[in-house]
> 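The structure under discussion is supplied below as structure tokens; questions concerning it will follow.
Atoms considered below: every heavy atom in the structure, side chains included; atoms not considered: hydrogens, waters and symmetry mates.
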Amino acid sequence: MNIVSFSPFGYEGSIVTVEVDLRRGIPAVDIVGLADGAIKESRERMHSAIINSGFDFPKERVLISLSPADLKKEGAGFDLAIALAVLMSQKRLEGMEEIDGPILVMGELELSGKVRPVRGIHAAVSTAFECGVRNCIVCSENKFEASGVEGMNVYECNYLSDAFECLEKIGKGEMDNCFSSRIDLEASEETDFDNVQFPPVEDGTDFIEVKNQPFLVRGLQIAAAGRHNLLAYGSPGCGKTLALQRFVSLLPYLDEEEARSVTRIHSLAGLVGREVSLVKKRPFRMPHQSASLEGVCGGGIHCAPGEVSLAHNGVLFLDEAAEFRTSVLQMLRVPLEQHNITLCRAGRSTVYPADFQLLLATNPCPCGNFGSKDKICLCSMRSVEQYWKKFSGPLLDRIDIRIPVESVTSSNHISLNVNETAISSAQLRIGIARAIRAQKTRQGKYNSHLYPEEVNMYCGLSAECSQFLEKAAFDQGLSARAVSSCKKLARTIADIEGHGDIEFKDLQEAVEYRKNEGGVSLCC
């Protein structure tokens, strides 16, 4: 039997075999295999943990090898694996030679012998299972995360002595203390619309609170139904941020395949809850404007996931988008197109999934009053142009829906009735669920993910609609990508309304949400 552990790097990571050899010489512990400082310090933690757990530490010279030898190993997750490998080297387990197959062991040790949880458990168990490992020993606090991999037998422990007993049970084929794989969702409650499951609407996220903005709310419904990217721009206080923050209430649950990749990424980032096997709610990431390029795209010495990967299969919302660094905004173009991002560090590279939906909210100019009917803009045209050039035409061309949000002031004679011109999230979900069901049945993917050849196949237009779109493209100077975007938007609108074919009014509405207006026309 071999004891293996996991070295996290990027999205994939590597399985590491832990070997121990006892030899004659002055008692000491040597670790080879490109171990970092945390692993080298594990010699002292492991020594104290073994003694304090009631075991005898070998009096010979101990050589610990971590292979493959040319792979750098990092983190404190090797503590438990090294300690068990040392105890195994003394052959204290009867019948140990007869145990077949490797065992994944991960955990950090305290000096008392207590096992602490570590991050990346789901990623480690997933990788180990792909390599043929069927048994693993982890801290009790990590057992739910480890059990999200179907087919893996998970043994939990709180102390080094517990882990040692787990080895005995694995060797004897006993399943006591085994926490078999299971799929527990992050939330048990759900709402079903047309066989599409949604999480309960949380307090402060219901669209019933967004009043007198029907064009914006309708645009967000279309965006949620087809996973279209969206830009909302308007003066401060117009309600764009209030509405976009409630977009999370329109997102359905992840399916099992989507949940596995999301859970793996969040596991590597240490964001998976202790009572969760698989993350089921779609991520909704909202980084601050001061976020660095590495923080958004990912990186660092461990090639950790960035915001674009943490938003995989979910939403990346950039509020006050024009305040983000230009390099951060331009970096979004590649993952928006390819749905993944490649990170290269020190001769190694990794590919993270980054299939996110982008929501942008921004002011139309530095002072925020450009285009306002009741406020004066103090910005020069040059400053307005420079303001919008931060986004660049290629980035904005990948935004399917552009919504100018007008400020609702007291001059509009607004009623204090909270239900006036408002629609709840539950009502919006009905059309979204209808559209999602239609897309899965027809093409098995969201409309925003259609390839150019698939757009012609699934978004066919009548002669009247083709003529209208051609004229709109000429009048507004739409690019080929923008024309394709109009077709996909029209297809989503038709799915929301339950239309089998794209109707003329569906295309008209799609062009309204795609056309260039206000500040957007400065750079598109």
> If I take atom CG from residue L84 and atom SG from residue C166, how far apart are they, to the nearest 0.5 angstrom?
9.0 Å
> Should the ring pair F284 and F317 be called parallel, tilted or perpendicular, given that the plane angle runs from 0 to 90° and is split at 30 and 60?
tilted
> Minimum heavy-atom separation for I3 and A85, please, with both atom names.
CD1-N, 3.7 Å
> Using the six-membered ring of F356, assess whether NZ or CZ of R285 lies under 6.0 Å from its centre and within 45 degrees of the ring axis.
no
> Once rounded to the nearest 0.5 Å, what's the spacing between atom CG of L271 and atom CZ of R119?
7.5 Å
> Which distance, rounded to the nearest 0.5 Å, do you find between the CD1 of I15 and the OG of S7?
9.5 Å
> Identify which one of D319, N363, L231 satisfies the side-chain contact (heavy atoms from CB on, under 4.5 Å) criterion when paired with K240.
N363
> Are any of the side-chain nitrogens in E256 or R260 under 4.0 Å away from the carboxylate oxygens of its partner?
yes
> Which heavy atom in T492 sits nearest to a heavy atom in A435, and how many Å separate them?
O-CB, 4.4 Å
> Can you give me the closest heavy-atom contact between A433 and F198, atom names plus distance?
CB-CE1, 4.0 Å
> Which of parallel (below 30°), tilted (30 to 60°) and perpendicular (above 60°) describes Y233 and W388?
perpendicular
> Take Y11 and S261 through the test side-chain hydrogen bond (donor to acceptor under 3.5 Å, both in side chains) and record every step on the way to the result.
CA-CA 10 Å; Y11 183 71; S261 59; 5.2 Å; no
> What are the two closest heavy atoms between C136 and M152, and how far apart are they?
SG-CG, 3.9 Å
> Charged N to carboxylate O under 4.0 angstrom, R491 versus E454?
no
> On a heavy-atom basis, which atom in N229 and which in R398 lie closest, and how many Å separate them?
ND2-O, 3.1 Å
> Under 4.0 Å between a side-chain nitrogen and a carboxylate oxygen: does that hold for E258 and R282?
yes
